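Before any comments, here is the structure.
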Amino acid sequence: MITPTLPAGPAGPPEVSVPAPVTAPAALPAAVPGAGQAWWRNAVIYQVYVRSFQDSDGDGIGDLAGVRERLGYLRRLGVDGVWLNPFYVSPQHDHGYDIADHCAVDPVYGDLAEFDALVQECRLLGLKLVVDTVPNHCSSQHPWFRAALAAGPGSPERARFHFADGRGPGGSLPPNNWRAMFGGPAWSRVTESDGRQGQWYLHLFTPEQPDLNWRHPAVAEEFDRVLRFWLDRGVDGFRIDVAAGLFKHPELPDSPDPDADERTRDSVNPLAWNQPEVHAVWRAWRAVCEEYTAKDGRDRLLVGEASVPTPAEQAKYVRPDELHQAFFFHLLHAPWDLDHFRTVIAGALEDIAATGSTVTWVLNNHDQVRTVTRFAGGDPVLGPARAAAAALLMLALPGAAYLYQGEELGLPEVTDLPDELITDPIFHRTRSRVGIRDGCRIPLPWSGGRPPFGFSPEGATAQPWLPQPEHFAAHTAERVLADTGSFWHLYRDALQLRRSLPQFGEAAVRWLESPPGVLAFARGEGFVCAVNFGDGPAPAPVAAAPLLASGPCPPGVLPAATAAWWIHRP
Ligand code: BGC
């Protein structure tokens with residue numbers, strides 16, 4: 001368990017009028033053992049959005065063979081493993097989060113033989129492989145849902161979903177007032193086999209993603225089979241979609257704040273999310289993982305997307321017999337603000353680490369505006385500087401970190417896609433660009449000066465599935481690898497230091513006194529990280545030249561929008 005030294009006050013570091021030189025703490029906390037030293041505790045995992053990573057066959061869509069081609073690149077970057085977004089058979093209404101067959105690869109991404117080859121190659125390169133799993137809902141094309149439609153009201157086939165009669169005259173109104181996360185009511189009405197308008201079914205996302213009824217034993221049995229299928233093929237773990245979902249209030253009553261989910265695009269309806277029954281599922285899944293570990297000694301990982309209101313609530317998901325980890329999304333939503341960063345980091349260290357798990361930090365993923373754009377505040381120079389500083393901060397913290405493909409290239413969000421090219425169901429259901437996700441899912445630029453920038457092979461027959469802007473030329477892997485001042489080198493150097501410095505591992509964070517606008521902390525013997533959130537230069541907390549900095553950083557000075565790491569020699 002990590003025992004952080006927390007700030008004395010409720011939020012924000014103590015502000016000192018004269019910037020005090022840092023006295024690196026004399027007493028060193030011993031490395032605190034957690035639940036063993038499983039690989040995932042402090043791992044850096046690279047998220048591959050398969051569709052946009054590398055197209056190997058020229059159809060304009062990334063695929064598993066493309067991922068395999070680029071594993072060497074990821075090894076060079078220095079990550080510990082890879083998480084693949086869903087590549088299963090799917091009509092792609094939500095790009096794979098609408099699964100029609102959980103145990104088969106969608107032909108657009110490859111096949112099981114290709115998946116097996118990927119597993120082998122990851123093993124050879126020493127990379128862990130984590131796959132996505134989506135237990136809250138499936139595709140409306142899933143055989144269970146098709147059977148449910150065909151079988152009619154009251155059938156055992158319908159019992160695996162949430163079917164209900166409507167309210168009002170002729171049952172023409174949804175069974176309750178819940179709204180879907182991606183817009184519109186959380187219920188859709190079916191046409192029964194006799195052609196009449198019939199029952200309604202629940203979907204917390206799109207109508208093409210019917211929610212499964214986890215109170216039905218067949219659902220748990222099916223997911224037990226799915227987990228074992230992929231574990232038998234050699235995966236190291238699962239990222240669990242919508243891990244605070246699954247169970248709904250048994251009576252499906254009206255919500256007191258029906259628009260909350262749609263308004264916040266977060267799982268906040270207390271009747272639809274975070275029901276206590278869900279924890280038994282995670283205990284069962286953990287037992288399956290332990291069973292495999294007992295057989296071959298390899299630690300497996302369950303990392304949950306558990307969006308719940310507070311870190312304290314999230315901590316329940318990572319109790320020792322439940323999920324190993326849960327994404328800590330508060331940095332993903334944080335503005336560029338010192339107090340905000342410090343408060344959420346301190347909260348995470350306190351609440352999550354107290355469970356024996358480690359915090360799972362995230363700054364970017366396939367659902368959010370990229371940090372280069374998010375932190376810019378409209379300033380194209382500040383955005384990259386702040387994004388690089390935030391990355392160096394995240395990578396200095398104890399716990400695991402997830403990197404989203406392209407953040408090591410310094411990619412900005414693409415915000416000017418024409419309406420007709422937008423594929424995100426959020427846009428099509430809300431007719432609003434708020435929260436749409438195509439802009440962070442643009443196919444990666446690898447090389448060359450023009451689209452497809454090596455994303456598709458020479459002679460490809462199709463354009464990339466989303467257009468790459470010309471300015472991606474400045475961000476190709478080829479370019480950033482050749483530029484030692486690039487994001488890529490910053491990430492690579494940070495990852496190397498994380499692996500090799502003895503201060504990393506489980507050493508706790510100790511907040512340091514720092515000048516206004518600067519967040520600073522120490523870990524282990526003499527490691528210091530500081531970030532200048534302010535608008536002007538600040539005195540550096542350590543006089544010596546930094547070990548690594550997110551931008552130009554002369555000795556003794558910490559420029560604005562810059563983070564740096566030092567080893568402080570007393
Ligand atoms: C995934 C999204 C997906 C949604 C529905 C999420 O939280 O990250 O990309 O659209 O679940 O499955």
Side-chain angles (χ1 to χ4, degrees), residues 46-57 59-67 82-102 104-111 114-115 130-142 145 180-184 203-211 238-242 245 265 305 327 362 364-370 402 404-406 411 413-414 417-430 433-444 452 455-456 462-468:
Y46 185 97
Q47 179 189 351
V48 170
Y49 195 73
V50 179
R51 198 174 177 79
S52 299
F53 189 66
Q54 174 69 62
D55 165 23
S56 75
D57 57 7
D59 64 356
I61 298 175
D63 47 45
L64 294 181
V67 177
V82 174
W83 149 35
L84 301 179
N85 281 106
F87 50 82
Y88 315 109
V89 170
S90 162
Q92 309 290 336
H93 285 289
D94 190 18
H95 293 321
Y97 284 97
D98 48 324
I99 301 176
D101 183 345
H102 291 85
V105 175
D106 195 294
V108 82
Y109 299 130
D111 55 23
E114 185 53 56
F115 181 80
V130 175
V131 296
D132 224 306
T133 177
V134 186
N136 179 70
H137 46 266
C138 61
S139 162
S140 51
Q141 296 303 310
H142 190 286
F145 193 73
M181 306 278 285
F182 292 172
H203 52 83
L204 292 182
F205 293 89
T206 69
E208 292 81 15
Q209 293 164 295
D211 278 47
F238 300 93
R239 175 266 187 190
I240 304 166
D241 193 59
V242 185
R265 204 136 314 122
E305 184 202 34
F327 291 115
V362 191
N364 288 284
N365 73 14
H366 67 294
D367 290 330
Q368 299 294 332
V369 174
R370 287 184 179 276
Y402 278 67
Y404 175 51
Q405 67 179 40
L411 283 187
E413 185 82 1
V414 172
L417 285 170
D419 284 3
E420 62 278 13
L421 295 183
I422 294 175
T423 68
D424 192 333
I426 294 177
F427 178 72
H428 296 288
R429 293 189 61 73
T430 62
R433 285 175 172 260
V434 176
I436 64 164
R437 300 161 297 168
D438 297 75
C440 67
R441 299 174 176 178
I442 306 295
L444 286 195
F455 168 70
S456 295
Q463 300 293 318
W465 70 278
L466 283 173
Q468 300 159 302

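Quantities reported herein were computed from a predicted structural model and do not represent experimental measurements.
- Taken from CD1 in Ile436 to OG1 in Thr430, the straight-line distance is 8.5 Å, to the nearest 0.5 Å.
- For Asp241, the salt bridge (Lys or Arg N to Asp or Glu O under 4.0 Å) criterion is met by Arg239, not counting sequence neighbours.
- No donor-acceptor pair under 3.5 Å is formed between the side chain of Glu305 and the backbone N or O of Ile240.
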Next item on the list: Tell me, with the steps shown, if Leu64 and Val105 meet side chain to side chain contact (heavy atoms under 4.5 Å, CB included).
Entry: CA-CA 9 Å; Leu64 294 181; Val105 175; 3.9 Å; yes
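- There is a side-chain donor-acceptor pair under 3.5 Å between Thr206 and Glu208.
- In plain terms, the two heavy atoms of Cys138 and Ile99 that are nearest each other are CB-O, 3.5 Å.
- Pro91 and Ala100 get closest at one heavy-atom pair: CD-CB, 4.4 Å.
- Here Arg441 contributes atom CZ and Glu413 contributes atom CD; the two are 10.0 Å apart, rounded to the nearest 0.5 Å.
- By the ring-ring contact (aromatic ring centres under 6.0 Å, His included) test, Phe145 is found to be paired with Phe161, Phe163, Tyr201, residues two or more places apart in sequence or in another chain being considered.
- A donor atom on one side chain and an acceptor atom on the other are found under 3.5 Å apart for Tyr97 and Asn85.
- Looking at residues two or more places apart in sequence or on another chain, you find no side-chain hydrogen bond (donor to acceptor under 3.5 Å, both in side chains) involving Gln368.
- In this structure, Gln141 contributes its side chain and Ser90 its backbone to no donor-acceptor pair below 3.5 Å.
- In terms of heavy atoms, Trp83 sits closest to Val131 at CD1-C, 4.5 Å.
- Remark: Gln54 engages Arg70, Trp446 in a side-chain hydrogen bond (donor to acceptor under 3.5 Å, both in side chains) (not counting sequence neighbours).
- Remark: Pro467 engages Leu417, Leu421 in a side chain to side chain contact (heavy atoms under 4.5 Å, CB included) (not counting sequence neighbours).
- With ring centers used as reference points, Phe182 lies 6.0 Å or more from His203.
- Leu444 and Phe455 make their closest contact through O-CB, 3.4 Å (heavy atoms, listed as atom of the first residue, atom of the second, distance).
- For Tyr404, the ring-ring contact (aromatic ring centres under 6.0 Å, His included) criterion is met by no residue, not counting sequence neighbours.
- Listed by chain and residue number, Trp465 satisfy the ring-ring contact (aromatic ring centres under 6.0 Å, His included) test with His95 (two or more places apart in sequence, or in another chain).
- With sequence neighbours left out, the ring-ring contact (aromatic ring centres under 6.0 Å, His included) criterion links Tyr88 to Trp230.
- No donor-acceptor pair under 3.5 Å is formed between the side chain of Asp211 and the backbone N or O of His137.
- Residues that satisfy the salt bridge (Lys or Arg N to Asp or Glu O under 4.0 Å) test with Glu114, not counting sequence neighbours, are Arg68.
- In this model, a donor atom of one side chain and an acceptor atom of the other lie less than 3.5 Å apart for Gln47 and His366.
- Taken from CD in Gln405 to OG in Ser52, the straight-line distance is 6.0 Å, to the nearest 0.5 Å.
- Here the closest non-hydrogen pair linking Phe115 and Phe87 is CE1-CZ, 3.5 Å.
- A donor-acceptor pair under 3.5 Å is formed between the side chain of Asp98 and the backbone N or O of Gly96.
- Partners of Ser56 according to the side chain to side chain contact (heavy atoms under 4.5 Å, CB included) rule, which considers only residues two or more places apart in sequence or in another chain, are Asp63, Ala65, Glu69.
- Among all heavy-atom pairs drawn from Val362 and Asn364, the shortest one is CG1-O, 3.3 Å.
- With hydrogens and angles disregarded, a donor-acceptor distance shorter than 3.5 Å links the side chain of Asp438 to the backbone of Asp424.
- When the salt bridge (Lys or Arg N to Asp or Glu O under 4.0 Å) test is applied to Asp94, the partners found at least two apart in sequence or on another chain are Arg437.
- Arg370 meets the side-chain hydrogen bond (donor to acceptor under 3.5 Å, both in side chains) test with no other residue; sequence neighbours excluded.
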